[in-house]
Amino acid sequence: MKSMEKVMQKWKSYGKHFQQNRLYMGILLLTAVCAYGYKVTNATIGIDDTPYLYYFEEGLIAIVGRWVLFLLNKVVSLAEFVPFVTDFAAVVILVLAAVVWSALFYSVLGEKVPTAGYAFFGAVFLSSPLISEVFTYFLHNGIAIGYLCCGISLCCVREWQSSTRKMQKGSGIRQKLGCLAVAKILTAAVFLWIAMGCYESFMILWLAGLMLLLLTERIARGRQEKDIFATLVAGAVAALVAIVLRSVMIVVVTKAFHLEYLRGEAVQRSVTEMLGWMLQPGAFGELAMILKRTFVLYGVFAYAYLPIRIFILSAAVILVVTLVRVIRGRDLWALLLLPAAYLAAFSLLFIEGKATLYRSAQFLPVFCGYGALLFVYGIWQLTGTLSPKAKNTAGRKISAGVRALAVLVLAVILWNQCMDMTRWFYLDKKKYDAAVKTVDQIAMDLERDFDTSKPVIFTGNYDIPYSIVQDAYVSYSSPVYYKMKRLADLVDPDLLDKYNRGSRGVWVAQTPALSVIDWGRYAFDSDAELVKFFEMHGHQLVALEDISLYAAAEEESLDLPEYPQKGYIVDKGDYIIVHF
């Protein structure tokens, strides 16, 4: 118990080191306000927001393995749509997650990185615009809790390392057992299990984070090879335990809350089921295309999408710092750990059999923050080496000027990220306002001229006005498009065309281009979610429950005028067609 108390005190001291530092907390809190302030104070209802009762009350989300929010709803009310409270709570938890991840790297780098370096790590991570891809969903897929639990889990792994190193110094058996090494790795597994219970992709972040932790050790001081092997084995054990716990938890929750009837309502997210694509004919060719698409999403789109551009810049910084370590320290392990970290980050594409969606790329904000951290580390190491050699005031001023310039560069990146994050949240609000205006007009037309006690079916396709979502696309005639085209053509001349969206251009930002109206038409095989969207805005309609009638209705509506032209609503006797 005393050993565990010492461990807790040590990590509390790491946390307090940042929480009590005005510079660190000032930068972090100001970033949180600038990046999320608009979203927290401007509520919207979008894709996956209308079925919150279905997810969190009935239990659909628990069936697919995301049990944390389902059980949390049993304690505190989450099922009802309360945007401000949940958004604000998520931002607070994200700030805590940034502190925990900062403490993790501080346990390795210590004072070799100034407070500003850790502050920029947390701020760049917190404000990564890629988070906006998932943050617009109600409860945000639990990413705030996931980031926090992943960070705590890796802190447990880090503490496990300390325990095993004490053992290697020839301690007695009792002292070895007193280190509670096994308990620490199991605790790491438990927190990883909780993170995966929010969103499966946190396993990917955890694996990549483990590689970054080992890489940081090599960069900072170098470790014996057996440390790396032992940590990788321990990490494999923790990951395996977490996966087993997740599988057991799905069974337990399903049985305890009698959710068996929901099994066919959603895609199961077990690893074995997701890996099934590898057994299909042509899997190798499919993998080649997946890798090409990943190259576009996380490489080519850097020309047009800020979070990908920052990711590429961070990758360059991480590569340079690692190579300096490899050359100066003749450390081949660092050279192996670097690609291992990126392989872990993109391993989801091998599991799912598709390029990782931006909303599932939880690793990217951490990598961007890590790039900022190593940038400060590298600059401080360089100027620290030069300063003692500077025999005059001019030399010291040059070192101070280089450091100030580095801080300025990171400040510019941070400003741009906050601006970009707010831009996507503002776009989401405009998109939502347009959707509300559309349903109000349709409801008025229905209530005025038709019997709204009849079921309604929505046909056709609703397109968000291009003037609202144009930032999510790159125009075919723009210079950026030609830059992306030239780069993509080096791999495949037809590759970039796969992201063309008619006259709108190349689809770059994913979630901002999606419409709650178009999604609601066939969500869960019926238009019930779109009808619910009407209901949430004061309009009572009846959804057409008979799915077998949908195909005929679509065919019947082919010649109908499109909304808002006259005649876009037709009474077919048993139901009413509303055609987009």
Side-chain angles (χ1 to χ4, degrees), residues 34-35 38 124 127-133 136 288-320 342 346 349 355-359 361 364-365 367-368 371-372 375 405 408-431 434 463-515:
C34 292
Y38 184 84
V124 170
S127 64
S128 175
L130 204 77
I131 295 178
S132 69
E133 292 268 357
T136 53
M289 180 51 66
I290 292 168
L291 294 174
K292 290 178 182 180
R293 286 178 175 269
T294 300
F295 169 68
V296 172
L297 291 177
Y298 295 92
V300 176
F301 283 177
Y303 281 115
Y305 200 24
L306 181 64
I308 305 303
R309 186 155 59 250
I310 301 301
F311 175 63
I312 296 298
L313 290 174
S314 71
V317 171
I318 296 170
L319 176 62
V320 169
Y342 285 96
F346 287 103
L349 66 89
T356 302
L357 296 173
Y358 288 152
R359 67 173 180 267
L364 191 142
F367 271 74
C368 291
F375 179 67
L405 182 61
L408 179 62
V409 168
L410 290 174
V412 170
I413 289 174
L414 190 57
W415 172 272
N416 288 337
Q417 284 201 162
C418 290
M419 290 284 288
D420 205 49
M421 180 85 90
T422 302
R423 174 170 66 129
W424 296 119
F425 288 147
Y426 179 52
L427 185 153
D428 184 63
K429 183 63 167 62
K430 290 193 295 182
K431 186 172 65 173
D463 289 325
I464 306 169
Y466 181 68
S467 60
I468 293 177
V469 296
Q470 60 183 347
D471 287 345
Y473 298 90
V474 173
S475 171
Y476 299 127
S477 60
S478 68
V480 173
Y481 172 78
Y482 290 108
K483 291 179 181 179
M484 294 195 304
K485 180 67 174 171
R486 281 195 294 269
L487 183 57
D489 285 353
L490 296 176
V491 175
D492 186 336
D494 300 320
L495 185 56
L496 192 61
D497 295 342
K498 299 183 184 303
Y499 293 91
N500 292 350
R501 291 298 181 270
S503 61
R504 297 196 165 197
V506 178
W507 183 21
V508 177
Q510 294 172 355
T511 301
L514 301 178
S515 162

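Remember, predicted model here, so these are calculated numbers, not experimental data.
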With sequence neighbours excluded, give me every salt bridge (Lys or Arg N to Asp or Glu O under 4.0 Å) pair touching [range].
| range | answer |
| --- | --- |
| residues 290-299 | Lys292-Asp492 |
| residues 308-320 | none |
| residues 496-505 | Lys485-Asp497 |

Test item: [X] and [Y] side chains (from C-beta on) under 4.5 Å apart, heavy atoms:
| X | Y | value |
| --- | --- | --- |
| Thr136 | Trp424 | no |
| Gln510 | Glu133 | yes |
| Ile308 | Leu364 | yes |
| Ser128 | Ile310 | no |
| Phe425 | Ser132 | yes |
| Phe295 | Leu487 | yes |
| Val508 | Tyr499 | no |
| Phe375 | Ile413 | no |

Between Val300 and Lys483, is the side chain to side chain contact (heavy atoms under 4.5 Å, CB included) condition met? List the steps. CA-CA 9 Å; Val300 176; Lys483 291 179 181 179; over 6 Å; no

State which residues pass salt bridge (Lys or Arg N to Asp or Glu O under 4.0 Å) with Arg423; sequence neighbours excluded, sorted by chain then number. Asp420, Asp471

Set of ring-ring contact (aromatic ring centres under 6.0 Å, His included) partners for Tyr298, sequence neighbours left out: Phe346, Tyr358

Apply ring-ring contact (aromatic ring centres under 6.0 Å, His included) to Tyr466 and list each qualifying residue two or more places apart in sequence or on a separate chain. none

So does [Y] get a backbone contact from the side chain of [X], meaning a donor-acceptor N/O pair under 3.5 Å?
| X | Y | result |
| --- | --- | --- |
| Lys431 | Leu514 | yes |
| Trp415 | Gln417 | no |
| Thr422 | Cys34 | yes |

Just how far is it from atom [atom1] of [X] to atom [atom2] of [Y], taken to the nearest 0.5 Å?
| X | Y | atom1 | atom2 | answer |
| --- | --- | --- | --- | --- |
| Ile312 | Tyr303 | CD1 | OH | 10.5 Å |
| Ile468 | Leu427 | CD1 | CG | 7.5 Å |
| Leu349 | Ile290 | CG | CD1 | 6.5 Å |

Can you give me the closest heavy-atom contact between [X] and [Y], atom names plus distance?
| X | Y | value |
| --- | --- | --- |
| Pro307 | Cys368 | O-SG, 4.2 Å |
| Trp507 | Tyr473 | CA-CD2, 3.8 Å |
| Tyr476 | Gly502 | OH-O, 2.6 Å |
| Pro129 | Met421 | CA-SD, 4.0 Å |
| Ala488 | Leu496 | CB-CB, 4.0 Å |
| Ile131 | Pro365 | CG1-CG, 3.8 Å |

Do the rings of Tyr426 and Tyr38 sit parallel, tilted or perpendicular, given the 30° and 60° boundaries? perpendicular

Side chain to side chain contact (heavy atoms under 4.5 Å, CB included) between Tyr305 and Leu130: does it pass, once the steps are laid out? CA-CA 9 Å; Tyr305 200 24; Leu130 204 77; 4.0 Å; yes

